**Q** 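Following this message is one structure expressed as structure tokens.
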Amino acid sequence: MKLWGGRFNKETAKILEEFNGSINFDKRMYEEDIMGSIAHSKMLSKQDIIGKDEQIKIEGGLLQILKEVEGGEFIFDLKDEDIHMAIEKRLIEIVGEAGGKLHTARSRNDQVALDIRMYLKKESTVIEGLLGELLEGLVETAHKNKGVIMPGYTHLQRAQPILFSHHMMAYYEMFKRDLDRLKDSYKRLDVMPLGAGALAGTTYNIDRHFVAAELGFPEVTKNSLDTVSDRDFIIELNFIISMISMHMSRLAEEIIIWSTSEFSFVSLDDAYSTGSSIMPQKKNPDIAELIRGKTGRIFGNLMGILTVMKGLPLAYNKDTQEDKEGIFDSIDTIKISLVIFKEMLVTMKINEKNMMVGIENGFINATDVADYLAKKGLPFREAHRIVGELVVYCEVNKKRLSELTLKEFKGFNDLFEDDINRKISIEECVNGRKSYGGTGLESVETQIEDAQSFLKKNKK
Ligand code: ARG
């Protein structure tokens with residue numbers, strides 16, 4: 001019989017069990033469920049709601065169940081509906097009557113809220129660690145390739161030369177904000193819900209703060225209705241994972257482009273790329289493509305939970321059982337993605353020469369020619385027009401800007417002097433961009449140093 005079977009005269013239909021049950025996916029919260037129950041039983045005993053001897057039996061039984069699950073002996077049966085009832089049923093089998101007292105002053109509604117918060121706290125911390133490692137990978141890659149110059153793009157058209165490390169550090173900034181978001185959202189996860197009961201609290205003289213302290217929560221939730229119906233924290237984590245995934249997907253896309261024969265800016269390590277079953281010459285950036293692709297499913301999980309919640313009246317509704325599969329999937333996906341993405345990144349070879357080819361053929365220093373004239377007093381708009389004409393001249397005569405003679409320059413404007421070629425050399429174009437946050441070497445070195453000292457502190 002079901003634990004809630006008292007008011008029923010008939011067994012539930014088989015198909016209902018399959019439809020209604022969540023044990024197949026909520027079983028991963030077994031440890032949280034057991035630890036939450038132990039804390040609850042201690043509180044019940046401290047408050048004289050159950051006897052000390054009963055608490056000891058309950059705790060012993062729960063710890064035995066923990067061993068059974070970890071030893072692979074525990075039977076997860078769909079008939080038990082969810083992890084909460086499966087564990088409670090087994091507890092009653094092991095310790096008898098005392099086991100039946102565990103659910104006093106508690107409901108599955110506040111119990112599931114506790115389990116999921118505990119589970120997400122654990123996983124959010126793991127993701128934080130992995131994200132920290134990706135940040136380290138980016139800084140390491142930036143540091144290793146400090147002098148490398150690449151074309152910087154807007155509209156995916158060559159725009160201005162930049163340092164490759166500047167490009168890496170741009171991603172560092174994005175993922176660093178994601179790390180901040182994770183840390184901030186943790187505060188909202190870290191609030192203890194047990195004691196809200198089914199929806200309205202309880203008539204027992206419970207001590208919620210004791211349970212919170214036992215389980216390492218700094219505070220307890222303030223409104224019982226909110227407590228059992230709130231899933232904001234799941235949406236928030238889903239969103240942060242979506243953001244991380246979106247950021248990874250952007251860099252993945254760049255790596256896919258960079259590793260084409262057309263670009264050849266980078267070569268992926270053999271260990272992190274795959275071959276084609278038909279075309280022997282191919283080396284495919286599958287990891288980067290999968291990272292980009294998995295983003296779709298992660299966004300889907302975010303939309304899923306937002307949609308589940310949008311029409312729900314207070315307080316608990318069974319709809320919220322649908323909160324788990326999406327976030328579990330997002331968590332699993334982002335964890336493996338972060339690990340493999342970092343490995344792919346740090347083992348990737350940078351083809352400095354090919355980046356230079358891109359730079360030399362792109363009139364990429366045209367802005368600097370205009371700036372040259374503007375610094376000599378010509379209005380920038382006017383300078384811009386002149387350089388536009390210069391570029392057309394170069395195209396017609398198949399020359400680079402740096403290959404023009406002073407005479408040719410002077411043909412367009414008299415302000416050109418013989419320092420022009422030095423002033424528009426690629427190194428000068430990059431290193432001259434000393435403005436705070438710009439691509440000049442000094443600025444990038446500052447970014448790298450700041451990042452290194454942050455990461456050192458973050459590790460502690
Ligand atoms: N399996 C349920 C869930 O995940 C647990 C809470 C069920 N509560 C209830 N009153 N049916 O949401």
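Note that ligands are numbered from 1 as they come in the structure, with each ligand's atoms numbered from 1 the same way. Keep in mind that what you see is a predicted model, and the values were worked out from it rather than measured.
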**Q** Among protein heavy atoms, which sits nearest to atom 7 (C) of ligand 1, and what does the distance come to when rounded to 0.1 Å?
**A**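 For atom 7 (C) of ligand 1, the nearest protein heavy atom is Tyr316 OH, 3.4 Å.
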**Q** In sequence, state the C-alpha distance, the side-chain angles, and the governing distance for Ser273 and Asp286, and then conclude on side-chain hydrogen bond (donor to acceptor under 3.5 Å, both in side chains).
**A** CA-CA 6 Å; Ser273 30; Asp286 287 35; over 6 Å; no
**Q** With a 4.0 Å cut-off, would you call Glu449 and Lys146 a salt bridge?
**A**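 No salt bridge links Glu449 with Lys146.
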**Q** When you measure from atom 5 (C) of ligand 1 to every protein heavy atom, which one gives the shortest distance, and what is it?
**A** Asp82 OD2, 3.4 Å
**Q** To the nearest 0.1 Å, how far is atom 4 (O) of ligand 1 from its closest protein heavy atom, and which atom is that?
**A**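 Protein heavy atom with the smallest distance to atom 4 (O) of ligand 1: Lys324 NZ, 2.5 Å.
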**Q** Can you sort out which atoms of ligand 1 are near Gln321, meaning under 4.0 Å from one of its heavy atoms?
**A**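 Those qualifying, in numeric order: 1 (N), 2 (C), 3 (C), 4 (O), 12 (O).
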**Q** What do you reckon, is CD of Glu73 surrounded by more than 12 foreign heavy atoms closer than 6.0 Å?
**A**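 Yes.
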**Q** Which residue supplies the protein heavy atom nearest to atom 9 (C) of ligand 1, what is that atom called, and how far is it?
**A**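 Nearest protein contact, heavy atoms only, for atom 9 (C) of ligand 1 is Asn109 OD1, 3.4 Å.
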**Q** I'd like to know if the side chain of Glu59 reaches the main chain of Ile38, judged simply by a donor and an acceptor atom lying under 3.5 Å from each other, with no hydrogens or angles considered.
**A**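 Side chain of Glu59 to backbone of Ile38, a donor-acceptor pair under 3.5 Å: no, none is there.
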**Q** How far apart are the C-alpha atoms of Tyr172 and Gln447, what are their side-chain angles, what is the distance that settles it, and do they pass the side-chain hydrogen bond (donor to acceptor under 3.5 Å, both in side chains) test?
**A** CA-CA 10 Å; Tyr172 171 88; Gln447 294 176 51; over 6 Å; no
**Q** Identify the protein heavy atom lying closest to atom 11 (N) of ligand 1, giving its residue, its atom name and the separation to 0.1 Å.
**A** Arg108 NH2, 3.6 Å
**Q** What atoms of ligand 1 come within less than 4.0 Å of a heavy atom belonging to Ser22?
**A**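 So the answer, numbered in order with elements, is 1 (N).
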**Q** Does atom NZ of Lys459 have more than 12 heavy-atom neighbours, drawn from other residues, nucleotides or ligands, at distances under 6.0 Å?
**A** no
